[in-house]
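To keep things clear, I will list the structure first and then write my remarks on it.
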2 protein chains.
Amino acid sequence: MTKNGKISDAVIRRLPKYYRYLGDLLKNGINRVSSNELSKLTGFTASQIRQDLNNFGGFGQQGYGYDAKNLRDEIGKIMGINNNYQVIIVGAGNIGQAVANYAGFYEEGFEVKALFDKNPKLMGLKIRDLEIKDIDDLPEYLREVHVDIGVICTPKEVSQNVANILISNGIRAIWNFAPTDIKVSENIAIENVHMNESLYTLAYYYKNKKEIN
Amino acid sequence: MTKNGKISDAVIRRLPKYYRYLGDLLKNGINRVSSNELSKLTGFTASQIRQDLNNFGGFGQQGYGYDAKNLRDEIGKIMGINNNYQVIIVGAGNIGQAVANYAGFYEEGFEVKALFDKNPKLMGLKIRDLEIKDIDDLPEYLREVHVDIGVICTPKEVSQNVANILISNGIRAIWNFAPTDIKVSENIAIENVHMNESLYTLAYYYKNKKEIN
DNA sequence: TAGATTGTTAATCGATTAACAATC
DNA sequence: TAGATTGTTAATCGATTAACAATC
């Protein structure tokens with residue numbers, strides 16, 4: 001925790017990992033876990049894990065450790081998992097369709113309500129019972145239906161423009177798959193996924209490990 | 001640069017961003033750029049940019065700045081972009097197909113050579129002229145064909161197992177889309193994409209910005 | 001030459017790790 | 001109670017930022 005009381009991004013990005021490994025433990029019938037055991041699973045140090053968790057409160061018990069179920073629930077609450085989010089996807093190409101089809105999200109409260117595209121060939125096509133709608137109808141749709149998260153799966157040339165449309169119609173969270181950094185104001189949540197940067201990073205390490213070995 | 005001479009992961013992950021923005025500049029006919037201008041584009045400080053670049057050599061010129069074309073080429077060389085990588089995808093579901101279809105990668109030297117799946121219904125189906133092959137034929141395929149990068153798009157239950165098969169048949173770079181942390185030995189390059197963690201992080205920030213506003 | 005901007009060293013800041021008293 | 005393990009403070013480490021001499 002920094003002095004202004006805000007929790008650092010690095011901490012936030014470790015929370016999903018704790019959440020996931022705790023889920024694995026529970027599935028295996030383990031309902032008690034120490035920071036040391038979590039360390040072995042996650043690869044983070046026990047000290048760091050305790051520090052991270054204590055940003056949000058004392059979830060453990062001295063001499064015992066953490067109750068896995070309770071800790072997982074608490075982390076879920078902190079992150080807002082299972083809160084039920086209304087999601088729309090803009091761009092119904094490969095990535096848009098893959099996101100729409102990814103069942104895992106539905107189980108955790110992320111509900112895709114609609115897909116939009118500008119390609120007339122896709123219009124009316126159904127993905128998971130959802131008809132692909134015309135992107136021109138997007139502003140009107142947003143005026144009528146509450147949407148929490150807008151997923152951008154368009155080409156990069158129009159991604160910022162799409163984001164602007166989403167935001168000016170009330171959306172406050174954007175998950176961006178276009179290979180650009182979408183710029184938003186302070187009050188909007190954004191995640192730029194950047195698969196391409198991930199691939200380049202992989203290529204770098206591949207190249208360099210080869211040179212070493 | 002740390003004292004052992006290894007360049008930190010944080011630096012490596014900024015390189016693709018430099019590469020991309022330099023490409024944008026060139027496309028706009030701009031072929032000279034200062035660290036200060038790059039700072040405005042990327043959001044990193046000019047000082048950090050100069051530090052980052054000087055891990056790899058002095059690409060700039062005092063009083064002038066950087067030649068955009070040259071700098072982009074150098075960064076491309078450092079990361080190994082355009083080196084031509086032979087890629088296979090294991091798991092030909094939504095994500096696997098989306099990756100296979102993503103044209104951007106082809107332009108940058110990443111060439112998908114084959115898709116594998118265990119679902120008999122998908123067998124023989126064609127994605128971008130590539131027939132989906134039986135996963136049972138994977139080891140034999142790898143003995144015959146050189147592959148640089150294995151992309152894992154399977155369910156999480158089998159992802160580690162698939163990684164082991166890939167590695168034991170000579171693959172040294174893995175791009176993992178399954179929501180797990182695949183464990184590999186030191187000499188193997190791995191990128192765990194973790195879209196689910198990205199989504200949870202988005203949910204966290206969305207929730208917290210709402211509370212603040 | 002004067003002005004601009006790099007390359008690089010030094011200072012600062014924040015994140016991680018270590019240590020240990022508190023306590024279950 | 002003794003042993004275990006947290007919560008938390010202090011120490012360390014590394015990454016970022018600031019500053020400026022070098023130089024184009």
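Proteins get letters first, then strands, A, B, ... in listed order; numbering begins at 1 in each.
Residue contacts shown for A/Q48 include a base, since a base heavy atom lies under 4.0 Å away. Using a 4.0 Å heavy-atom distance criterion, B/F44 is classed as making no nucleic acid contact. B/S47 comes within 4.0 angstrom of a nucleotide base, judged by non-hydrogen atoms across all strands.
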Next item on the list: List the steps and the verdict of side chain to side chain contact (heavy atoms under 4.5 Å, CB included) for B/S34 and B/Y66.
Entry: CA-CA 6 Å; B/S34 69; B/Y66 301 87; 5.9 Å; no

Margin query: Walk me through whether B/D148 and A/Y206 qualify under side chain to side chain contact (heavy atoms under 4.5 Å, CB included).
Written below: CA-CA 9 Å; B/D148 296 288; A/Y206 174 54; 2.6 Å; yes

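Between the CZ atom of A/F56 and the P atom of D/dT8 there is a distance of 14 Å, rounded to whole Å. Between the CG atom of B/L53 and the P atom of D/dT16 there is a distance of 14 Å, rounded to whole Å. Between B/N36 atom CG and D/dA18 atom P there is a gap of 12 Å when expressed in whole angstrom units. As a whole-Å value, the separation of A/Q62 CD from D/dG7 P is 6 Å. Taking atom CZ of residue A/R32 and atom P of nucleotide D/dA4, one finds them 11 Å apart after rounding to whole Å. If you measure from atom CG of B/D9 to atom C1' of D/dG14, you get 13 Å, rounded to the nearest angstrom. Atom CG of B/D52 and atom P of C/dT8 are 14 Å apart (whole Å). Distance, A/Y18 OH to D/dT6 P: 12 Å, rounded to whole Å.
Across C/dC20, C/dT16, D/dA18, the shortest atom-to-atom separation from the side chain of B/Q51 is found for D/dA18. Comparing D/dT8, D/dC24, C/dT17 against the side chain of B/Q61 picks out D/dC24 as the nearest. Checked against C/dC24, C/dT6, D/dT5, the side chain of B/R50 finds its nearest nucleotide in C/dT6. Checking C/dA15, D/dT16, C/dG7 against every side-chain atom of A/S8, the shortest atom distance belongs to C/dA15.
DNA chain C is contacted by both A/A10 and A/Y64; A/A10 maps to the nucleotide lying nearer its 5′ end (nearest heavy atom per residue). Taking for each of A/F59 and A/G63 the nucleotide of DNA chain D with the nearest heavy atom, the 5'-most of the two is the partner of A/G63.
For the pair B/S35 and C/dT6, the criterion of a side-chain N or O lying under 4.0 Å from OP1 or OP2 is met. At least one side-chain nitrogen or oxygen of A/Y66 sits closer than 4.0 Å to the OP1 or OP2 atom of D/dG7.
For the residue pair B/H194 / B/N176, no side-chain donor-acceptor distance below 3.5 Å is found, with atom types taken as modelled. No side-chain donor from either of A/D52 and A/Q48 sits under 3.5 Å from a side-chain acceptor of the other.
Rounded to 10°, the helix from C/dG3-D/dC24 to C/dC24-D/dG3 has 10° between the axis fitted to its first five pairs and the one fitted to its last five.
The backbone N or O of B/S35 sits nowhere less than 3.5 Å from a side-chain atom of B/S39 that would complete a donor-acceptor pair.
The aromatic rings of A/F110 and A/Y85 lie parallel to each other, their planes meeting at an angle below 30°, with 60° marking the opposite boundary.
Residues B/I149 and B/I171 form no side-chain contact, since every pair of their non-hydrogen atoms from C-beta on lies 4.5 Å or further apart.
Crowding of A/K69 atom NZ: a count of heavy atoms from other residues, nucleotides or ligands under 6.0 Å not exceeding 12.
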